[in-house]
Amino acid sequence: MEKNVFERIYDVVEHVPRGKVATYGQIAALVGNPRLARVVGYALHVNPRPGTIPCHRIVTRFGFPASGFAFGGPDCQRQMLEAEGVLAEKDGHIDLTKYGWNGKDE
DNA sequence: CTCTTGACCATGT
DNA sequence: AACATGGCCAAGA
């Protein structure tokens, strides 16, 4: 009995440690298929559990907030990340080389 | 019930 | 190296 893709996505997203960011592809890869990135975006789009699912920690693989981010605005996301301890670059993108979650809690 | 779109990423030309 | 298309899963019309 395998859980639905959504369940896995939420599980992985919630497992993202504070102070780090994960990319859609990373989540999708951990879920099982790196091509499921679209479903990951859709899963967060519905966001059935706001507050439980840190959508602000999920960015594209370039470190930029995804298009159409409709939970407060891209600036709001940067504020959240800074509050988490993730400092964004001057370009507004996140340094995935340092803050990019490896899929393991340190 | 079938087709299209969707917070994306990877591969092919 | 850059542009275009494919692919996966799910939900809306």
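Letters go in sequence order (proteins before strands), and every chain restarts at 1. For clarity, every value in this text was computed on a predicted model and none was experimentally measured.
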Exercise. List the protein contact pattern of nucleotides 7-13 of chain C with one symbol per nucleotide (5' to 3'): B for base contact, S for sugar-phosphate-only contact, - for none; contact means a heavy-atom distance under 4.0 Å.
Key: BBBSS--

Self-check item: Atom pair distance, as rounded to whole Å: CD1 in A/Ile9 and P in B/dG6
Solution: 18 Å

Quiz item: With respect to A/Val31, which candidate in A/Val5, A/Val13, A/Val39, A/Asp11 satisfies the side chain to side chain contact (heavy atoms under 4.5 Å, CB included) definition?
Solution: A/Val5

Quiz prompt | Atom-pair distance (CG on A/Leu96; P on B/dC9), nearest Å | solution = 10 Å

Practice problem: Mind telling me whether A/Tyr42 and A/Phe6 have parallel, tilted or perpendicular rings, with 30° and 60° as the class edges? | Solution: perpendicular

Quiz item: Mind checking what makes side chain to side chain donor-acceptor pair (under 3.5 Å) contact with A/Asn47, not counting sequence neighbours?
Solution: none

Practice problem: Scan A/Val40, A/Ile53, A/Ile58 and name whichever one has a side chain to side chain contact (heavy atoms under 4.5 Å, CB included) with A/Ile9. | Solution: A/Val40

Quiz item: Considering only the C1' atoms, how many Å lie between B/dA7 and C/dC3, rounded to the nearest integer?
Solution: 23 Å

Self-check item: Joint hydrophobic cluster, A/Val46 plus A/Leu36, side-chain heavy atoms closer than 4.5 Å
Solution: yes

